[in-house]
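The structure appears below as structure tokens.
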Protein chains: 2
Amino acid sequence: MRAYWQDDLADVSINAICGLAGVSKPALYREFGSEDGLMRAVLDRYAAQVLSEIFAILSRDGTLADTLAALIHFASEDATMETGCVFFKMRAGKHRLGPRTRDGVEAIDSGAVSAFTGFLEARRAAGDWTGDQPAPVVARYMVEQIGLALAQRAAGEDTAQVRATLELAFSVIDRA
Amino acid sequence: MRAYWQDDLADVSINAICGLAGVSKPALYREFGSEDGLMRAVLDRYAAQVLSEIFAILSRDGTLADTLAALIHFASEDATMETGCVFFKMRAGKHRLGPRTRDGVEAIDSGAVSAFTGFLEARRAAGDWTGDQPAPVVARYMVEQIGLALAQRAAGEDTAQVRATLELAFSVIDRA
DNA sequence: ACGTTTTCGTACCGTTTGGTATTTTATTAT
DNA sequence: ATAATAAAATACCAAACGGTACGAAAACGT
């Protein structure tokens with residue numbers, strides 16, 4: 001997972017992973033069956049360990065402004081995301097994934113849009129969000145903006161510019 | 001250029017290009033020297049043929065609103081961009097480019113930010129843009145948003161969602 | 001018409017990829 | 001202690017990659 005996390009996905013070969021993990025190649029195949037199986041396992045672990053934090057932020061039921069601020073901080077400055085995001089990296093190269101990993105990516109993607117949609121509708125009910133766009137559209141927008149920020153960080157862009165971009169992008173939600 | 005344009009960069013091999021172009025491999029190497037040379041030539045041609053249209057939109061000196069609308073249309077609906085953008089694809093995988101292509105990508109990237117900065121400052125002088133952020137920051141923001149839209153189109157997202165996302169992203173500039 | 005030079009493509013090189021057949025090592029049963 | 005069994009690594013496979021050596025073919029000067 002660490003290898004997929006900090007390098008470009010296409011630069012991580014099975015051979016390299018075996019070397020890093022100190023494991024023989026047949027041992028890896030006995031455990032995961034195929035590269036697809038390994039990547040799916042990595043994605044599942046990553047979702048449980050890292051992406052869960054994003055969903056936790058949404059579930060806190062804080063103010064719209066507070067939630068946006070927390071998301072901005074997490075995506076643009078939190079050390080956890082320093083080398084980008086496994087999920088968005090996989091999604092960016094979706095067509096070269098195996099079927100199991102692709103299914104996992106699509107499930108997380110639509111799950112994220114659902115979670116953001118639910119959050120927005122709750123804030124609308126609370127009178128907190130007054131935007132006139134449909135919640136799913138704005139939810140998709142938020143997911144893409146977070147993905148953009150994480151891709152920028154993976155590309156080595158400096159934190160200040162990433163934060164500025166994401167603040168700009170989210171400001172349209174706050175004041176709609 | 002067409003191959004790099006409509007497929008993922010990593011899926012386009014020298015062998016495949018030779019097949020598509022009906023050219024032998026040594027002939028290609030005699031012409032371009034290396035894969036790096038070929039990609040640089042592709043990038044230069046693409047910049048002259050396609051990216052120039054974006055700069056042309058900025059140079060028209062139209063209203064802020066008109067220019068944003070033109071950019072939105074071009075990035076999210078124009079058939080030219082149907083399969084994404086060679087420049088942004090290359091920039092996304094910058095670290096695996098050869099030195100000449102990477103230099104070209106960086107030159108275009110900073111040139112784009114400069115062009116957008118110049119445009120924004122002109123609109124500010126005209127009293128058209130009243131944002132309080134520094135122009136280069138917003139310029140970078142615009143470049144990234146256009147890149148996001150083109151990446152979405154390359155990934156097969158439907159036109160309406162791409163447009164909605166880009167409209168949302170640009171609305172913060174118009175009303176600031 | 002012939003020898004020279006230049007252009008061009010076939011056939012190859014070494015390396016790396018994901019994935020396995022086979023052999024070696026460790027464990028257990030008697 | 002030894003035979004049978006389970007586990008794990010070495011050594012290998014075919015395919016594809018970027019790149020090139022070298023022989024064939026065309027063009028050219030005379």
Side-chain angles (χ1 to χ4, degrees), chain A residues 1-46 83-84 86-106 154, chain B residues 1-46 83-84 86-106 154:
Chain A
M1 183 176 86
R2 215 173 306 168
Y4 284 125
W5 198 348
Q6 65 196 18
D7 292 342
D8 190 310
L9 286 200
D11 294 337
V12 179
S13 71
I14 296 280
N15 293 310
I17 288 177
C18 291
L20 287 169
V23 165
S24 77
K25 199 154 39 160
L28 188 147
Y29 275 89
R30 262 175 241 124
E31 188 72 24
F32 298 105
S34 66
E35 188 172 31
D36 187 27
L38 170 65
M39 292 182 90
R40 176 57 190 264
V42 166
L43 179 61
D44 288 345
R45 185 181 183 85
Y46 183 83
T83 56
V86 171
F87 163 66
F88 281 108
K89 284 180 187 177
M90 286 183 174
R91 205 191 59 156
K94 192 164 64 173
H95 71 98
R96 58 172 55 243
L97 300 175
R100 298 194 47 199
T101 310
R102 180 162 42 225
D103 287 352
V105 166
E106 282 167 3
Chain B
M1 184 177 86
R2 215 173 305 170
Y4 285 124
W5 197 349
Q6 66 196 18
D7 291 343
D8 189 311
L9 286 200
D11 296 337
V12 179
S13 71
I14 296 280
N15 292 308
I17 288 178
C18 291
L20 287 169
V23 166
S24 78
K25 198 154 38 157
L28 188 146
Y29 275 87
R30 265 174 232 123
E31 188 72 24
F32 298 105
S34 66
E35 188 172 31
D36 186 26
L38 170 65
M39 291 182 91
R40 175 59 190 262
V42 165
L43 178 61
D44 288 343
R45 185 181 183 86
Y46 183 81
T83 56
V86 171
F87 163 67
F88 282 107
K89 284 180 186 176
M90 286 183 175
R91 206 191 58 157
K94 190 165 64 173
H95 72 98
R96 57 172 57 245
L97 300 176
R100 298 193 48 195
T101 310
R102 181 163 42 225
D103 288 351
V105 166
E106 282 166 3

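Each chain gets a letter, A, B and so on, in the order its sequence line appears, and its residues count up from 1. Only this structure's heavy atoms are used, side chains among them; waters, hydrogens and symmetry mates stay out.
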Using atom names, set out every protein N or O paired with an N or O of nucleotides 26-28 of chain C below 3.5 Å, distance rounded to 0.1 Å.
none

- Query: Does A/Trp5 offer a backbone N or O that forms a donor-acceptor pair with the side chain of A/Lys89 under 3.5 Å?
  - Reply: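 Flag set: sc A/Lys89 to bb A/Trp5 pair under 3.5 Å.
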Check: [Y] and [X] side chains under 4.5 Å, non-hydrogen atoms:
X: A/Asp11; Y: B/His95; result: yes
X: B/Tyr4; Y: B/Leu43; result: no
X: A/Leu9; Y: A/Met39; result: yes

- Verdict with supporting geometry, B/Asp36 and B/Arg40, salt bridge (charged side-chain N to carboxylate O under 4.0 Å, His left out): CA-CA 6 Å; B/Asp36 186 26; B/Arg40 175 59 190 262; over 6 Å; no
- Could you give the CG-to-P distance, from B/Leu38 to D/dC17, as a whole number of Å?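 Computing the B/Leu38:CG to D/dC17:P distance gives 14 Å.
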- Query: Can you give one letter per nucleotide of nucleotides 9-21 of chain C, 5' to 3': B if a protein heavy atom sits under 4.0 Å from the base, S if only from the sugar-phosphate, - if neither?
  - Reply: BB------SBBBB
Over all heavy atoms of both residues, which pair between [X] and [Y] is shortest? Give the atoms and the distance, please.
X: A/Val23; Y: A/Leu28; result: CG1-N, 4.0 Å
X: A/Thr83; Y: A/Ala154; result: O-CB, 3.9 Å
X: A/Phe32; Y: A/Ala41; result: CE2-CB, 3.6 Å

